[in-house]
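Below, chain A is the first sequence line, B the second, and so on; all start at residue 1.
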There are 2 protein chains.
Amino acid sequence: MPNHAIAKNYIVSTAESKCATCSLREICLPVGLDEDETELLGNLINHKYRIRRGEHLFHAGLAFKSLYAVRNGFFKSCVLDSDGRQQVTGFYMTGELLGLDAISSEKHTCDTVALEDSEVCEVPFIKLEEISRRIPLLMHHFHKIMSREIVQDHAIMMLMGGRKAEERLAAFLLNLSERFAKRGYSSTNFILRMTREEIGSYLGLKLETVSRSLSRLQEEGIITINNKNVRLNDIYRLSHKISGYSD
Amino acid sequence: MPNHAIAKNYIVSTAESKCATCSLREICLPVGLDEDETELLGNLINHKYRIRRGEHLFHAGLAFKSLYAVRNGFFKSCVLDSDGRQQVTGFYMTGELLGLDAISSEKHTCDTVALEDSEVCEVPFIKLEEISRRIPLLMHHFHKIMSREIVQDHAIMMLMGGRKAEERLAAFLLNLSERFAKRGYSSTNFILRMTREEIGSYLGLKLETVSRSLSRLQEEGIITINNKNVRLNDIYRLSHKISGYSD
DNA sequence: CGAGTTATTGAACTGCCTCAAGGTGTGTGG
DNA sequence: CCACACACCTTGAGGCAGTTCAATAACTCG
């Protein structure tokens with residue numbers, strides 16, 4: 001089990017913790033499994049854990065045993081570098097998979113922290129690989145998830161490489177918006193679970209720059225921002241920020 | 001097959017194009033396969049292709065069918081954004097795997113271009129997944145490769161997020177150095193296959209800044225650079241550039 | 001050899017960072 | 001429920017690293 005904090009908060013297996021009957025199946029798992037395959041899934045999840053806001057799911061350096069699927073809530077992962085700076089490498093919401101970076105070295109390379117009270121499903125990696133052999137669709141689905149992570153990272157590199165602060169923020173907000181929409185939440189009205197500093201770290205900016213850019217977007221009427229609450233008033237203009245069009 | 005240019009340059013299958021007897025086996029493939037498993041590998045590679053300097057291996061948008069293992073040579077991949085800017089997302093050398101980003105959407109998201117005359121082994125992805133089912137070690141190895149790509153991308157995000165130009169260059173050179181060393185080439189003396197602009201794009205800098213930073217490192221005696229030829233004179237000081245130590 | 005690409009270097013500019021001060025929100029303990 | 005402490009956010013002013021623009025030099029390859 002990941003660490004002491006979690007040990008105290010694990011949730012006993014119930015019918016609901018079976019993937020087969022999970023309400024998130026369509027987000028987490030491939031579609032089109034037959035009955036036998038669905039039956040096999042029963043063994044995939046070990047436990048569910050409750051992680052409270054501010055708690056670590058795992059620390060960098062910890063031996064890698066399991067991936068964790070976000071059942072609900074919101075996480076960040078970040079790497080600490082030699083001189084103590086924190087680089088946020090990703091934000092994760094319902095249905096997304098945590099710990100993929102750890103497969104290569106068999107150690108976690110990130111700290112992963114809940115940004116709100118959350119629940120995760122523990123997926124022992126050995127089991128995932130085992131069951132994958134029996135369910136080609138599951139294997140393929142897993143490959144797609146890893147690939148998606150790579151694509152997402154490339155998008156961030158792209159932002160950091162050549163975009164101005166305001167453009168990065170626009171892209172960031174739109175990305176969140178889409179992901180919320182996919183989960184049935186409002187795409188125009190949501191809460192930023194992370195701090196300005198965390199946003200800045202993720203986008204390669206300082207927190208003051210994040211704050212100023214958000215204020216600017218608000219002055220332009222494109223968004224309304226009140227502390228952690230954002231409303232996207234004009235998605236069209238917001239997305240045109242990114243493409244470098246002037247209107 | 002990937003595109004017209006390649007069609008003309010494919011190399012007929014020979015004994016040498018079997019993974020089982022390939023000289024790169026230790027770089028490409030997991031160790032510890034038994035005879036049966038090694039036999040199964042025979043079917044993994046479709047063709048080898050010769051790609052000349054400047055030619056594309058594949059273009060962004062192309063339907064995804066295969067991954068490509070670099071047999072020898074050097075590649076870059078890059079994404080083009082809406083207003084035509086090019087972001088280099090990675091450099092790839094012998095034994096590394098190209099096209100991982102394409103799995104998620106079943107379309108290539110990068111252009112991938114040879115920076116010197118190169119050869120690649122085509123690995124049809126369906127076949128890879130099929131054979132993986134029969135060879136757990138191969139599946140696991142593949143997962144590690146994907147994970148390594150994620151870790152590498154995080155390292156770049158880290159550089160872009162909080163490092164100064166000279167530090168980024170130092171990290172870049174050391175990364176190349178290690179990868180060359182692992183392949184039996186000199187770790188202190190190598191050729192930069194890519195242009196200053198490509199380095200800059202990869203690291204989130206302009207080509208002039210790359211040039212200036214390299215010149216600075218040379219003035220300090222840490223490296224010697226002559227056009228594309230680099231010599232790392234003082235790896236110790238070079239690595240201390242990164243950690244933010246002052247000496 | 002010559003045309004085009006790539007690299008170096010200089011000078012001026014600018015967007016982001018740094019430092020600083022004050023404001024707002026949140027959660028905890030009395 | 002209030003008050004206090006702490007964490008987070010906003011805004012301003014000034015500085016600087018890296019960009020932009022420009023001119024020249026060096027290399028590459030037909």
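Taking every side-chain heavy atom of A:Arg53 into account, C:dG27 is the closest of C:dT8, C:dG27, D:dC8. Here the side chain of A:Ala165 is nearest to one of C:dC16, D:dT10, C:dT8, namely C:dC16. Of the candidates C:dT8, C:dC17, C:dG15, the closest approach to any side-chain atom of A:Lys164 belongs to C:dG15. With C:dA7, C:dT8, C:dG10 as the choices, the nucleotide that has an atom nearest any side-chain atom of B:Arg212 turns out to be C:dG10.
Ring orientation note: the planes of B:His240 and B:Tyr236 are tilted relative to one another, at an angle of 30° to 60°.
Between B:Glu116 and B:Arg53 there is no salt bridge, since none of the side-chain N atoms of the basic residue sits less than 4.0 Å from a carboxylate O of the acidic one. A salt bridge does not link B:Arg148 with B:Glu96: every distance from a Lys NZ or Arg NE/NH1/NH2 to an Asp or Glu carboxylate oxygen is 4.0 Å or more. Using a 4.0 Å cut-off between a side-chain N of Lys or Arg and a carboxylate O of Asp or Glu, A:Lys164 and A:Glu167 do not qualify as a salt bridge.
Separating the CZ atom of B:Arg168 from the P atom of D:dT19 is a distance of 8 Å, rounded to the nearest angstrom. The separation between B:Asn229 atom CG and C:dT6 atom P is 17 Å, rounded to whole Å. One interatomic measurement links the two molecules: CZ of B:Arg196 to P of C:dT9, which rounds to 10 Å at whole-angstrom precision. Taking atom NZ of B:Lys206 as the reference point, atom C1' of D:dA22 lies 16 Å away to the nearest angstrom. Counting to the nearest Å, the C1' atom of D:dT28 and the CG atom of B:Leu115 are 16 Å from each other. Rounded to an integer number of Å, the gap from A:Ile199 CD1 to D:dC9 C1' is 11 Å. If you measure from atom CG of A:Leu159 to atom P of C:dG15, you get 18 Å, rounded to the nearest angstrom. For B:Arg216 and C:dT8, the CZ to C1' distance is 14 Å, given to the nearest whole Å.
Counting atom types as modelled, A:Glu197 pairs no side-chain N or O with a base atom of D:dC9 as donor and acceptor under 3.5 Å. Taking only distance into account, the side chain of A:Glu208 meets the base of C:dC19 through a donor-acceptor pair shorter than 3.5 Å.
Toward the 5′ end of DNA chain C lies the nearest nucleotide of B:Ser215, the other residue of the pair B:Gly161 and B:Ser215 mapping further downstream.
Contact check, B:Thr195 against C:dT6: no side-chain N or O comes under 4.0 Å of OP1 or OP2. A close approach under 4.0 Å does occur between a side-chain nitrogen or oxygen of A:Thr209 and OP1 or OP2 of C:dC17. Residue B:Lys228 places at least one side-chain N or O under 4.0 Å from the OP1 or OP2 atom of C:dA7.
Between A:Val70 and A:Phe75, the closest heavy-atom pair is CG2-CD1, 3.8 Å.
Across all strands, B:Leu207 comes closer than 4.0 Å to base atoms (heavy-atom distances). Among the protein residues, B:Gly204 comes within range of the sugar-phosphate backbone only, with heavy atoms under 4.0 Å from sugar or phosphate atoms but none that close to a base.
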